Amino acid sequence: MVSVVTIPRPSGLCKQEVRLERLKRKQYEELLEPLEDDGILLFKYWLTTDQVNQEERLRERLEDPLKRWKLSPIDLAARDKYDAYTQAREAMLQATHTEWAPWTLVDFNDQKLGRLTLVRDLLNRLPDTHIDPPPLEFPELGREPQRESYSMLDPIADYPVDIED
């Protein structure tokens, strides 16, 4: 089970009093604790990024037509609220970090390394449930593999883009 837990942002969409009340009541515990009691493993990750890297990513999204869809006016308005977001994050972590459902912070300044770090941490925390697959024979095909053919339509041409990765 994958779950994303968010808190209202300091964007003005939620009054601070409401946000603080939600944290004080710890509504998340009422939702998550019974799941854990039922044997569901809870993993909460917070992906950290310095403002320098956020600025780079926002500029890249602005300039790259393939990434432009990721950029919104809310992202641009949030740039001036870095300190407020930091305070909101710290309050959220303080209120919701528990022994039975701890937060794990992952440095995402380098996204590729961050992804590998997160996946490795997650895999290390999962119980070993290795089961050997049943034996399966894979006989020779007995002929040369064929290319797919079409009688009515052909696939459209590949989009002309350089794929670096």
Side-chain angles (χ1 to χ4, degrees), residues 1-14 27-28 31-82 85-86 88-89 92-93 96 101-165:
M1 174 180 170
V2 175
S3 176
V4 176
V5 178
T6 61
I7 60 166
R9 302 177 186 183
S11 60
L13 299 176
C14 179
Q27 292 176 338
Y28 76 98
L31 172 68
L32 299 182
E33 205 164 6
L35 296 176
E36 164 125 303
D37 290 343
D38 287 342
I40 294 174
L41 301 174
L42 299 173
F43 302 101
K44 299 186 307 192
Y45 289 94
W46 186 273
L47 313 180
T48 70
T49 306
D50 296 332
Q51 193 171 24
V52 170
N53 289 306
Q54 287 179 342
E55 287 290 306
E56 273 181 38
R57 290 177 189 158
L58 292 173
R59 184 164 308 287
E60 184 179 325
R61 290 174 181 178
L62 180 64
E63 295 171 358
D64 185 343
L66 297 176
K67 294 183 179 182
R68 178 61 181 84
W69 65 272
K70 295 180 178 183
L71 188 62
S72 75
I74 293 175
D75 295 321
L76 298 178
R79 293 170 61 217
D80 291 334
K81 297 179 179 159
Y82 189 81
Y85 278 99
T86 298
R89 180 202 64 224
M92 185 272 308
L93 290 173
T96 62
W103 279 97
T104 301
L105 305 181
V106 182
D107 184 341
F108 252 66
N109 285 304
D110 178 329
Q111 286 182 312
K112 289 180 182 177
L113 182 58
R115 285 184 193 113
L116 290 172
T117 301
L118 189 150
V119 169
R120 177 70 312 182
D121 180 78
L122 178 63
L123 292 174
N124 285 343
R125 293 164 73 181
L126 292 174
D128 183 10
T129 56
H130 177 75
I131 299 172
D132 288 325
L136 181 65
E137 290 187 34
F138 193 72
E140 292 293 322
L141 186 58
R143 59 175 167 71
E144 286 294 313
Q146 298 178 337
R147 292 190 52 90
E148 201 164 4
S149 62
Y150 314 92
S151 62
M152 190 172 129
L153 297 173
D154 287 328
I156 63 173
D158 291 338
Y159 183 78
V161 63
D162 289 332
I163 301 174
E164 296 176 15
D165 294 333

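What's counted below: heavy atoms across the whole structure, side chains too, no hydrogens, waters or symmetry copies. What you see is a predicted model; the values in this text were computed from it and never measured.
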Response to the item:
Heavy-atom nearest pair, Gly114 first then Val106, reads O-CG1, 3.6 Å
Discussion item. Just verifying a value: how many Å separate Leu47 CG and Thr117 OG1, rounded to the nearest 0.5 Å?
Written reply: 11.0 Å
Worksheet item: Roughly how far, to the nearest 0.5 Å, is OH of Tyr85 from CE of Met92?
Response: 13.0 Å
Donor-acceptor pairs under 3.5 Å, side chain of residues 51-68 to any protein atom, not counting sequence neighbours: which ones?
unit_1	atom_1	unit_2	atom_2	d
Gln51	NE2	Arg79	O	3.1
Asn53	ND2	Asn109	OD1	2.4
Glu55	OE1	Arg79	NE	3.3
Glu55	OE1	Arg79	NH2	2.7
Glu55	OE2	Arg79	NE	2.8
Arg57	NH1	Thr49	OG1	3.4
Arg57	NH1	Phe108	O	3.3
Arg57	NH2	Phe108	O	2.5
Arg57	NH2	Asn109	O	3.0
Glu60	OE2	Lys67	NZ	2.2
Asp64	OD1	Leu66	N	2.9
Arg68	NH1	Leu71	O	3.2

Item to complete: Indicate yes or no: at least one non-hydrogen side-chain atom of Asp75 is less than 4.5 angstrom from one of Ser72.
Response: yes
In a table with atom names and distances, give each donor-acceptor pair under 3.5 Å that connects a side chain of residues 124-146 to protein atoms at least two apart or in another chain.
unit_1	atom_1	unit_2	atom_2	d
Asn124	ND2	Arg120	O	3.3
Arg125	NH1	Tyr45	OH	3.4
Arg125	NH1	Thr104	OG1	3.0
Arg125	NH1	Asp121	OD2	2.9
Asp128	OD1	His130	N	3.1
His130	NE2	Asp132	OD1	2.7

Just distance, no hydrogens or angles: give the donor-acceptor pairs under 3.5 Å from side chains in residues 151-163, sequence neighbours left out.
none

